[in-house]
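Provided herewith is a single structure, encoded as structure tokens, for subsequent inquiry.
First the proteins, then the strands, lettered A, B, ... as listed; each starts at 1.
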Number of protein chains: 2
Amino acid sequence: MGSQERRTEQRREQREALRERILEVSREIVKREGFASLSMRKLAEAIDYSPAALYLHFKSRGDIARALRVEGHASLRDAFLAHTSIADPAARLNAMGRAYVEFGLAEPETYRLMFMEHTDSAQAVAEAQRKGDDHAAEQGAATLSLIADAFAELRAADRLPAHAAPLACAEGLWANLHGIVALKLTGAALPETPATTLVELSLDAWFAPANRTEPRFISANRPDTSTR
Amino acid sequence: MGSQERRTEQRREQREALRERILEVSREIVKREGFASLSMRKLAEAIDYSPAALYLHFKSRGDIARALRVEGHASLRDAFLAHTSIADPAARLNAMGRAYVEFGLAEPETYRLMFMEHTDSAQAVAEAQRKGDDHAAEQGAATLSLIADAFAELRAADRLPAHAAPLACAEGLWANLHGIVALKLTGAALPETPATTLVELSLDAWFAPANRTEPRFISANRPDTSTR
DNA sequence: GTCTATAGTGTGATAGAC
DNA sequence: GTCTATCACACTATAGAC
């Protein structure tokens with residue numbers, strides 16, 4: 001009985017180890033060449049097993065993608081957590097925004113896998129949500145709430161108009177920064193402005209009044225307060 | 001001689017017509033199923049020719065993509081030109097920004113082809129620029145300058161700080177809106193906020209002072225002007 | 001110019017022997 | 001659990017006859 005248990009325990013550990021190894025190699029291939037060029041054959045050769053062996057640990061190629069997305073979201077979340085100690089919510093959002101873009105540019109292929117090639121049909125997405133196995137989306141939502149929380153703090157301090165929902169603001173800021181990363185990653189000739197400058201402009205647009213004495217754009221209608 | 005010329009002229013026209021037909025069918029397939037599922041076989045079958053015939057009119061599948069991108073940029077530019085008559089530059093930028101997102105959501109597959117799957121290597125891009133045959137990029141730059149012009153007007157009216165370059169602002173705004181479209185097109189579960197709301201928030205962030213009496217975000221540092 | 005035929009290469013996934 | 005062998009496809013692009 002005792003030895004029996006030990007044996008099955010060993011089996012389980014070996015199994016786990018191989019799964020981990022598959023994931024590890026996959027991660028490296030994706031980082032280097034992108035998920036598109038991660039084929040089951042190539043992967044099998046790299047770990048010195050036959051292609052068929054992979055299907056004992058992952059249901060499909062897409063299943064590996066899911067696992068890698070989960071890893072990616074965890075590491076993005078870590079990048080955010082490094083800034084949670086910043087007290088001022090606007091300053092915190094600035095730091096997290098910068099961290100987000102840095103993450104995307106530092107790990108372009110992982111970022112692509114997470115946010116740019118999830119082209120599943122709408123019904124597949126709904127299916128995954130219903131079954132509750134879209135772990136990446138759950139993680140994404142959790143990370144996003146770090147941002148939403150900061151916006152909620154801004155609102156609590158009356159530094160955000162009442163009509164702006166914190167979650168919507170968080171998603172808006174996220175989308176804006178995603179655009180910068182995405183355009184850079186597609187490698188087109190435009191935009192020619194460096195990403196850091198684009199980030200600066202975007203964050204200033206959102207948080208300028210919190211960072212400087214003059215608003216970024218001066219209204220033509222508003223009375224000039226400097227002549228009082 | 002006259003009849004000779006007529007004959008070659010007919011040939012040229014037939015040739016042109018077939019090229020146009022190929023493009024037309026390609027456009028429809030891309031609109032319906034996306035460029036990824038536009039195969040030379042499928043295309044050939046649809047126009048009732050052999051696959052080989054296509055290579056007489058287009059160097060490769062990518063060459064067809066280029067032609068379609070050029071078409072897409074032309075139609076995007078048209079959408080922008082419809083708003084050039086708006087006198088106030090901030091209002092014009094608002095209208096063009098909305099038009100941009102509408103274009104992307106209305107023609108998702110064309111948009112994807114134009115801005116989301118141009119994953120050529122950096123050196124290929126440089127090569128194309130050197131040879132001057134990246135017509136899409138040239139068109140893109142031309143369209144972008146419609147936006148940059150409006151920012152330049154804002155600056156001329158002292159409604160934009162001197163340190164903000166109009167072209168950089170244009171690219172920044174573009175990138176921000178692209179992010180909204182791109183996230184919606186990848187069909188992930190997030191963001192759950194509707195695109196129109198995200199656009200509203202983004203444009204408000206950029207142009208709020210021009211549209212309302214109170215700035216969107218209230219600074220904690222700035223003296224409160226309402227207590228004078 | 002247009003065709004047929006095919007080369008050449010890749011893919012994800014599975015059946016069945018061991 | 002792991003293998004070999006293979007199915008069943010799909011693709012771009014070209015050679016060579018007509």
Side-chain angles (χ1 to χ4, degrees), chain A residues 4 6-26 29-30 32-69 109 113 117-121 124, chain B residues 4-23 25-26 29-30 32-69 109 113 117-121 124:
Chain A
Q4 170 94 351
R6 237 191 337 272
R7 220 163 27 231
T8 65
E9 175 66 12
Q10 278 179 359
R11 290 271 166 88
R12 211 188 54 75
E13 278 174 13
Q14 276 177 18
R15 205 186 138 74
E16 196 70 17
L18 184 49
R19 188 194 149 93
E20 204 40 60
R21 178 152 168 65
I22 293 172
L23 228 38
E24 189 183 324
V25 172
S26 298
I29 294 180
V30 167
R32 246 192 356 259
E33 316 168 34
F35 180 72
S37 79
L38 173 70
S39 77
M40 299 305 261
R41 292 156 124 78
K42 195 192 290 186
L43 177 51
E45 200 168 345
I47 64 168
D48 234 62
Y49 278 86
S50 81
L54 301 172
Y55 291 89
L56 267 16
H57 298 84
F58 293 94
K59 209 169 90 275
S60 70
R61 184 169 170 270
D63 203 30
I64 297 180
R66 261 213 303 280
L68 292 178
R69 273 199 292 264
E109 296 299 346
L113 179 59
E117 36 197 50
H118 196 287
T119 195
D120 304 353
S121 70
Chain B
Q4 170 93 352
E5 283 168 13
R6 242 194 329 276
R7 220 161 30 229
T8 66
E9 175 66 11
Q10 278 178 359
R11 292 270 166 87
R12 211 187 55 77
E13 278 174 12
Q14 277 177 16
R15 205 185 138 74
E16 195 71 15
L18 184 50
R19 188 192 150 94
E20 202 42 59
R21 180 153 166 64
I22 293 172
L23 226 41
V25 172
S26 298
I29 293 180
V30 167
R32 246 192 355 260
E33 316 168 34
F35 180 71
S37 80
L38 172 71
S39 77
M40 297 307 257
R41 290 154 124 78
K42 195 191 290 185
L43 178 52
E45 200 167 344
I47 64 168
D48 233 62
Y49 278 88
S50 81
L54 300 172
Y55 291 90
L56 268 16
H57 297 85
F58 293 93
K59 208 167 92 278
S60 70
R61 182 169 170 270
D63 202 30
I64 296 180
R66 260 215 300 283
L68 292 178
R69 272 200 291 266
E109 296 300 345
L113 180 58
E117 37 197 49
H118 196 289
T119 194
D120 304 353
S121 70

Picking from D/dG1, C/dC3, C/dG12, which would you name as closest to the side chain of A/Arg61?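 Closest nucleotide to the A/Arg61 side chain: C/dG12.
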Counting only side-chain N and O atoms of A/Arg41, is one of them less than 4.0 Å from OP1 or OP2 of C/dG10?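 Answer no for this pair, as no side-chain N or O of A/Arg41 is under 4.0 Å from OP1 or OP2.
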Quick check: closest heavy atoms across B/Leu54 and B/Ile22, and the distance to 0.1 Å?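 Smallest heavy-atom distance, with atoms named: CD2-CD1, 3.8 Å.
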Nearest whole angstrom, please: distance from the C1' of C/dG1 to the CZ of B/Arg12.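 For the pair B/Arg12 CZ and C/dG1 C1', the rounded distance is 16 Å.
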Between A/Arg66 and A/Phe58, is there a side-chain heavy-atom distance shorter than 4.5 Å?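 A side-chain contact is absent here, since even the closest heavy-atom pair is not under 4.5 Å.
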Side chain of B/Ser60, heavy atoms from C-beta onward: which of D/dT4, D/dT2, D/dA13 has the nearest atom to it?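 Comparing D/dT4, D/dT2, D/dA13 against the side chain of B/Ser60, the answer is D/dA13.
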I need the NZ-P distance between A/Lys59 and C/dG12, as an integer number of Å.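 Atom-to-atom, A/Lys59 to C/dG12, this comes out as 15 Å.
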Measure the distance from CE on A/Met40 to P on D/dA8 and round it to the nearest whole Å.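 Nearest whole value for this atom pair: 20 Å.
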Passes side-chain contact (heavy atoms from CB on, under 4.5 Å), B/Val30 versus B/Ile64? Steps please. CA-CA 11 Å; B/Val30 167; B/Ile64 296 180; over 6 Å; no
Can you measure A/Ile64 atom CD1 to C/dT11 atom P for me and round it to whole angstrom units?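 Taking atom P of C/dT11 as the reference, CD1 of A/Ile64 is at 13 Å.
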Should A/Ser39 be listed as having a side-chain N or O under 4.0 Å from OP1 or OP2 of C/dT11?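 The answer is yes; a side-chain N or O of A/Ser39 sits under 4.0 Å from OP1 or OP2.
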From CD1 of A/Ile22 over to P of D/dG1, roughly how many Å is that when rounded to an integer?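 Between P of D/dG1 and CD1 of A/Ile22: 12 Å.
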How close or far is atom P of D/dT2 from atom CZ of A/Arg15, stated in whole angstroms?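 After rounding, the gap between these two atoms is 9 Å.
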How close or far is atom P of C/dT2 from atom NE2 of B/His57, stated in whole angstroms?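 From B/His57 NE2 to C/dT2 P: 6 Å.
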Name the closest nucleotide to the B/Tyr55 side chain, picking from C/dT4, D/dA13, C/dT2.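 Looking only at side-chain atoms, B/Tyr55 lies closest to D/dA13.
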Within the structure shown, what part of the strands sits under 4.0 Å from B/Ala52 by heavy-atom distance: base, sugar-phosphate, or nothing?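 Here B/Ala52 touches the bases of the nucleic acid.
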Please determine if A/Glu24 and A/Arg21 form a salt bridge, counting it only when a charged side-chain N lies under 4.0 Å from a carboxylate O.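 No, this pair does not count.
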Note, A/Glu45 side chain near A/Lys42 side chain (heavy atom, < 4.5 Å):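 Not in contact.
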So what does A/Leu54 hit on the nucleic acid, given a heavy-atom distance under 4.0 Å: a base, only sugar-phosphate, or nothing?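 Result for A/Leu54 = nothing.
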Over how many whole Å does the gap from B/Lys42 atom NZ to D/dA10 atom P extend?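 Spelled out: NZ on B/Lys42 to P on D/dA10 is 10 Å.
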